[in-house]
Amino acid sequence: MDFELTETQRMLRDTCREFAERELVPNARRWDEEHHFPVEAVRKLGELGLMGVAVPEEWGGAGADNVSYALAMEEISRGCASTGVIMSVNNSLYCDPILRYGTEEQKREWLVPFARGEKLGCFGLTEPDAGSDAAAQKTTAVRDGDFYVINGAKNWITNGTRADAIVLFAMTNKEAGHRGISAFIVDLNTPGVTRAPADRKLGINASESCSLYFENVRVPAKNLLGKEGEGFKVAMSTLDGGRIGIAAQAVGIARAAYEAALAYAKQRKSFGKPIAEHQAIAFMLADMATDIDAARLLVLRAAALKDQGVRHTAESSMAKLYASEMSHRVTHKALQIHGGYGYSKEFDVERYYRDSRITEIYEGTSEIQRIVISANLLKA
Ligand code: CAA
């Protein structure tokens with residue numbers, strides 16, 4: 001077993017670290033306060049190849065591996081968790097299924113400009129009545145000649161306010177349950193698509209999610225992604241990759257909080273010495289550092305399995321479950337170490353605490369990850 005990163009992986013990680021330090025860290029607090037979508041930063045991510053990290057160069061991406069993608073997600077999210085999720089949705093939830101299931105023609109039209117960062121993608125699985133129970137889709141797609149006609153509503157669609165296209169799931173055969181779900185690539189500027197205003201949320205305030213409504217939206221039949229009835233498999237296997245990105249995001253947020261707490265604990269004095277020298281604080285720091293390393297190892301294992309082309313459903317769920325709950329613990333402790341200042345908007349830790357919370361919910365709640373992991377254990 002080799003714990004060393006390759007030179008390419010290290011270089012990409014360092015590029016992301018420098019970019020985050022220069023472009024994201026100085027702005028993240030203001031973007032959060034102003035709910036400002038970081039248009040400029042996202043454009044620059046595209047220029048750096050970070051909107052299609054694991055997409056081969058011939059399809060507009062950086063041609064790196066999934067370990068590199070996880071490292072990049074950690075660094076970008078350490079700088080700004082909102083920018084992290086914008087990036088992860090485009091990479092994992094939009095580009096990846098088109099790369100894996102798309103035809104040559106679909107890849108040319110719907111992958112290349114998105115992997116290059118010239119266009120933005122999103123993922124439409126969740127509905128008002130189909131969250132954790134993703135198979136309970138109500139959106140329908142009915143074949144009409146060379147088109148499918150789509151009707152329904154999707155909600156919590158990250159990037160939905162600005163995306164050019166969506167990988168959308170809809171029922172093509174209601175009687176068949178999850179085997180009646182199909183995936184489509186839908187141009188979001190098609191007549192009949194309405195975007196609601198951005199959702200108001202607890203954290204990741206510089207990213208935007210919204211509800212999307214589809215009313216008799218005519219989608220060319222050639223935009224079917226994969227086979228009819230294969231959509232649930234497309235969705236689930238896509239989330240196997242997406243959960244690695246969110247787990248890496250959780251590690252990045254936790255690291256930002258830990259680094260802030262470590263620096264603060266070294267300079268803040270109480271009872272005649274830096275608080276880091278009180279065992280109560282030193283042990284918290286020890287637990288935080290250990291927790292972050294453990295989570296990162298789970299993330300990198302899942303990413304390495306994806307690179308090997310091995311099924312990694314349980315390992316991705318373990319990484320997502322552990323990293324998101326770890327991020328909650330670490331940001332909680334970081335805020336505690338800061339005392340009253342931690343509760344203040346003058347410091348960044350309250351934002352890290354708020355931002356970490358969503359990682360336990362989106363791309364499958366912690367409870368769903370436990371279902372996936374335990375189902376795999378019982379099957380073995
Ligand atoms: N890869 C390939 N196929 C898979 C699979 C996977 N990872 N997981 C399941 N399948 C297949 C199964 O093999 C089965 O196929 P067959 O019919 O051929 O046997 C089929 O899918 C159904 O499997 P299950 O019986 O396990 O399905 P289920 O209905 O019990 O649901 C679930 C399983 C794990 C609970 C699933 O519904 C789930 O993951 N729910 C959470 C949804 C979720 O994560 N939503 C996130 C939305 S995206 C988001 O959050 C984006 C954002 O904003 C950032």
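Just follow the structure's listing: the first ligand is 1, and inside any ligand the first atom is 1. Here the structure is a predicted model, which means the values were calculated and not measured.
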### Message
Tell me if the aromatic rings of F232 and F169 count as close, with their centers under 6.0 Å from one another.
### Response
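Ring-ring flag for F232/F169: false, centres at least 6.0 Å apart.
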### Task
Sorted by first residue and then second, give each salt bridge (Lys or Arg N to Asp or Glu O under 4.0 Å) pair with at least one member in residues 1-10; sequence neighbours left out.
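Matches after skipping sequence neighbours: none remain.
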### Task
Could you pull out the closest heavy-atom pair between I244 and A70, with the gap in Å?
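In this case the closest contact between I244 and A70 is CG2-CB, 4.3 Å.
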### Within 45° cone and under 6.0 Å: R195 NZ/CZ vs F214 ring
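No.
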#### Entry: Those protein residues which place at least one heavy atom below 4.0 Å from ligand 1
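Contacts of ligand 1 under 4.0 Å: V89, L93, F123, T126, G131, S132, A134, A135, W156, T158, H178, R179, F232, K233, M236, S237, L239, D240, R243, R311, T313, Y362, E363, G364, I368, V372.
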#### Entry: K154 and Q137: side chain donor to acceptor below 3.5 Å
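Judged by distance alone, the side chains do pair up.
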### Query
Taking the side chain as C-beta and beyond, is there a heavy-atom pair between Y341 and Y264 under 4.5 Å?
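Touching, per the 4.5 Å side-chain cut-off.
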